[in-house]
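Everything below concerns the one structure shown next.
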Amino acid sequence: MPKPPPLTTPDGRYIVVRGRLWRTANPGLSDDERARLVAALMDGRRGVATAKRGGDSAAEAAARSAVDAAKHGLGERGPVWWTDGAPDLNRHMARTTPYADWFATVDDAS
């Protein structure tokens, strides 16, 4: 059975994982750019795992840097990708943000 898609805020800025908001990728990226950055992210994550298994701290640091660069490129880290001045609520608990009322209705339904 396929895994259901993550719960996404009505404005599409965040997914909710165990009640916590995580910023989504910039929807304004082209399909090619998104695919390139996701591939770089996955390569970086594999590099972190390989370096950890091998005990190579320098390689792990380099791989973590590659993951961070890909996440910045995707818009999941760094400056927000929206332009209306709304604050970045990344990593906040949904119940303590302006999304609280919406989340209460969704959380009750699940």
Side-chain angles (χ1 to χ4, degrees):
M1 183 171 190
K3 186 176 176 182
L7 179 62
T8 304
T9 58
D11 57 14
R13 292 177 181 169
Y14 303 94
I15 62 168
V16 183
V17 179
R18 292 188 302 273
R20 190 172 302 276
L21 300 176
W22 294 94
R23 198 183 327 162
T24 62
N26 181 347
L29 294 173
S30 70
D31 290 343
D32 288 344
E33 182 69 359
R34 179 183 313 280
R36 183 187 70 74
L37 289 164
V38 168
L41 175 62
M42 295 299 105
D43 286 347
R45 286 180 171 166
R46 281 188 294 276
V48 168
T50 300
K52 285 179 86 167
R53 281 192 304 274
D56 187 340
S57 59
E60 183 180 348
R64 287 187 185 280
S65 180
V67 167
D68 188 57
K71 285 191 157 280
H72 273 81
L74 286 164
E76 295 177 12
R77 292 186 184 159
V80 298
W81 46 261
W82 51 88
T83 59
D84 64 2
D88 184 10
L89 301 172
N90 196 40
R91 295 181 157 184
H92 286 74
M93 297 303 292
R95 64 182 165 72
T96 65
T97 69
Y99 298 102
D101 291 342
W102 163 81
F103 183 65
T105 64
V106 175
D107 195 37
D108 289 345
S110 53

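In this structure, T24 contributes its side chain and R13 its backbone to a donor-acceptor pair below 3.5 Å. R23 places a side-chain N or O within donor-acceptor distance of the main-chain N or O of G78, the cut-off being under 3.5 Å.
Here the rule is ring-ring contact (aromatic ring centres under 6.0 Å, His included) with Y14, and of W82, W102, W22 only W82 fits it.
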Start with the C-alpha distance between D68 and K71, add both sets of side-chain angles, then the distance that settles salt bridge (charged side-chain N to carboxylate O under 4.0 Å, His left out), and finish with yes or no.
-> CA-CA 5 Å; D68 188 57; K71 285 191 157 280; over 6 Å; no
Step by step, would you call T8 with V16 a side-chain contact (heavy atoms from CB on, under 4.5 Å)?
-> CA-CA 6 Å; T8 304; V16 183; over 6 Å; no
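Salt bridge annotation for D31-R34: absent, with no cationic side-chain nitrogen under 4.0 angstrom from a carboxylate oxygen.
Note: E76 CD to W81 CH2 = 10.5 Å, rounded to the nearest 0.5 Å. Note that OG1 of T97 is 9.0 Å distant from CZ of F103, once rounded to the nearest 0.5 Å. Taken to the nearest 0.5 Å, the CZ atom of R64 stands 5.0 Å off from the NZ atom of K52. Between the CZ atom in R18 and the CE atom in M93 there is a gap of 9.5 Å [rounded to 0.5 Å]. Separation of atoms CG (N90) and CG (D88) is listed at 5.0 Å; rounding is to 0.5 Å.
When only modelled atom types and interatomic distance are considered, S30 and D32 share no side-chain donor-acceptor pair under 3.5 Å.
Partners of R20 by salt bridge (Lys or Arg N to Asp or Glu O under 4.0 Å), not counting sequence neighbours: none found.
Between G44 and A66 the shortest heavy-atom distance is CA-CB, 4.4 Å. Taking all atoms of both residues into account, the shortest heavy-atom contact from A63 to V48 is CB-N, 3.4 Å. Closest heavy-atom contact between L37 and A70: O-CB, 3.7 Å.
Both L74 and M42 are assigned to one and the same hydrophobic cluster, defined by single-linkage of ILVMFWY side chains at heavy-atom distances under 4.5 Å. Note: the hydrophobic cluster containing Y99 does not contain I15 (ILVMFWY, side chain heavy atoms under 4.5 Å, direct or indirect links).
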